[in-house]
Q: 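Structure in structure tokens, see below.
First listed ligand is number 1; within each ligand, the first listed atom is number 1.
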Amino acid sequence: MIYVLGSINLDTSLEVERIPKKGETLIADGCSMGLGGKGANQAVAIAKLGAPQNKMLVQMIGCVGKDATGSELVNTLEGFGVGTSNVRKVNRATGSAMVMVTPKDNRIIVYGGANSGITKTDIDEALCKATSADTLLCQLEVPLYVVAYALRKARSLGMTTILNPAPAKALPDDLFYSVDVIIPNEVETQELTGIVPRDPDSIRDAVDKFHERGVQYVVLTLGERGIALSDGNRIFEQLPAYKVAAVDTTGAGDTFVGAFALTYPHIGMYSFKEACAFANRAASIAVTRRGASESIPSAEEVNAMYVKEIKK
Ligand code: RIB
């Protein structure tokens with residue numbers, strides 16, 4: 001089982017030509033609403049990409065409000081095959097995000113709301129049956145002290161722990177000792193290491209900083225510069241980014257992280273690299289579609305892309 005501790009948001013996406021200037025009102029070309037939140041997106045990626053195995057693979061741990069939006073988002077998660085018995089309803093408004101999507105990139109503002117209602121007791125209850133065969137995946141859109149507690153607890157149970165440190169924020173040193181795999185993007189890498197990963201030397205230095213802080217596996221998602229990965233033996237590789245016609249990058253990072261968590265095996269560099277390659281393909285499909293959780297491809301689509309690649 002993969003347990004995903006994280007946020008569940010209602011995303012409102014506005015398609016705009018460009019980001020508005022100070023004091024300017026801009027008319028959007030399109031508007032849509034859907035399930036988002038880094039935690040929910042990653043859980044949906046695991047469910048969608050793992051569906052051929054035809055069993056419950058992923059349990060969401062989080063909170064929504066006691067409002068209609070909260071119930072709708074829980075139903076949507078279930079519709080994707082995500083277990084929601086550890087999603088609690090609290091007396092706060094369901095989390096929401098305003099996403100401005102331009103032809104080049106996006107800007108996101110998140111209101112945490114119910115997401116901040118999660119407690120250590122929720123973690124104890126959710127992980128009461130977890131074993132060393134299970135994985136815990138976290139991001140940083142729920143309170144940091146709960147994330148730290150969950151990672152420590154998962155580590156004490158011998159679970160695999162994966163941290164996507166998004167959105168970027170400073171983290172206490174001891175948190176890294178409970179993390180097996182860290183998956184930051186460029187901004188998060190800079191926040192956590194003080195290094196801008198823009199060339200081979202700076203990328204290697206940033207990766208080494210994470211190893212020095214106690215993380216064995218490091219995966220940097222570097223946008224157009226692709227993926228940099230390193231295992232505890234400092235084997236270092238880079239996977240190129242796919243050149244695709246991107247329409248919306250919202251949730252692409254979450255697709256990568258969820259796909260990685262699904263396929264990440266517990267042994268060896270070869271398998272680690274394969275998990276990254278699978279995740280890289282999945283994310284490259286997600287950016288060609290609009291929305292967050294809706295843009296995540298199925299395993300068949302990712303495998304079809306792989307088949308095309310090897311036939312070239
Ligand atoms: O990573 C994309 C997600 O960030 C969006 O779905 C939004 O809800 C914010 O959490």
Side-chain angles (χ1 to χ4, degrees), residues 4-16 30-49 60-65 67 69-70 72-74 76-77 80 82 87 92-102 104-118 137-144 146-147 162-169 182-189 191 219 221-223 246-261 279 282-297:
V4 180
L5 165 62
S7 55
I8 304 166
N9 296 335
L10 175 67
D11 283 5
T12 302
S13 296
L14 298 173
E15 288 165 44
V16 283
C31 175
S32 57
M33 294 170 102
L35 171 67
K38 295 183 196 307
N41 295 339
Q42 294 176 18
V44 169
I46 293 162
K48 273 182 148 180
L49 291 160
M60 183 83 214
I61 310 172
C63 291
V64 293
D67 42 31
T69 304
E72 275 168 33
L73 296 184
V74 168
T76 307
L77 277 167
F80 281 123
V82 176
V87 175
R92 295 182 210 184
T94 295
S96 71
M98 182 59 66
V99 186
M100 270 189 283
V101 182
T102 78
K104 283 191 193 151
D105 51 23
N106 67 24
R107 303 281 190 287
I108 304 178
I109 302 173
V110 174
Y111 168 66
N115 290 305
S116 48
I118 192 87
L137 169 59
C138 304
Q139 324 75 33
L140 302 176
E141 272 183 347
V142 296
L144 183 56
V146 180
V147 173
I162 303 175
L163 176 65
N164 169 223
K169 60 174 75 156
I182 194 159
I183 313 180
N185 69 11
E186 289 157 291
V187 176
E188 293 139 17
T189 298
E191 169 70 40
V219 182
T221 56
L222 301 173
V247 297
D248 183 356
T249 55
T250 316
D254 298 329
T255 304
F256 183 96
V257 174
F260 177 87
S284 78
I285 297 175
V287 300
T288 64
R289 301 169 179 175
R290 293 204 179 275
S293 53
E294 314 91 84
S295 70
I296 299 166

Q: Run through ligand 1 for me and note each protein residue having a heavy atom under 4.0 Å from it, chain first, then residue number.
A: N9, D11, G36, G37, K38, N41, A97, I108, V110, E141, G251, D254, A292

Q: What's the shortest heavy-atom distance between A279 and F260, and which atoms?
A: CB-N, 3.8 Å

Q: According to side-chain hydrogen bond (donor to acceptor under 3.5 Å, both in side chains), who are the partners of D248, at least two apart in sequence or on a separate chain?
A: T250

Q: Does the side chain of R92 come under 3.5 Å of the side chain of S116 through a donor N or O and an acceptor N or O?
A: yes

Q: On a heavy-atom basis, which atom in A114 and which in G65 lie closest, and how many Å separate them?
A: CB-N, 3.5 Å

Q: Which pair of heavy atoms, one from A93 and one from D67, lies closest together, and at what distance?
A: CA-OD2, 3.6 Å

Q: Does the side chain of I183 come within less than 4.5 Å of T221's, by heavy atoms?
A: yes

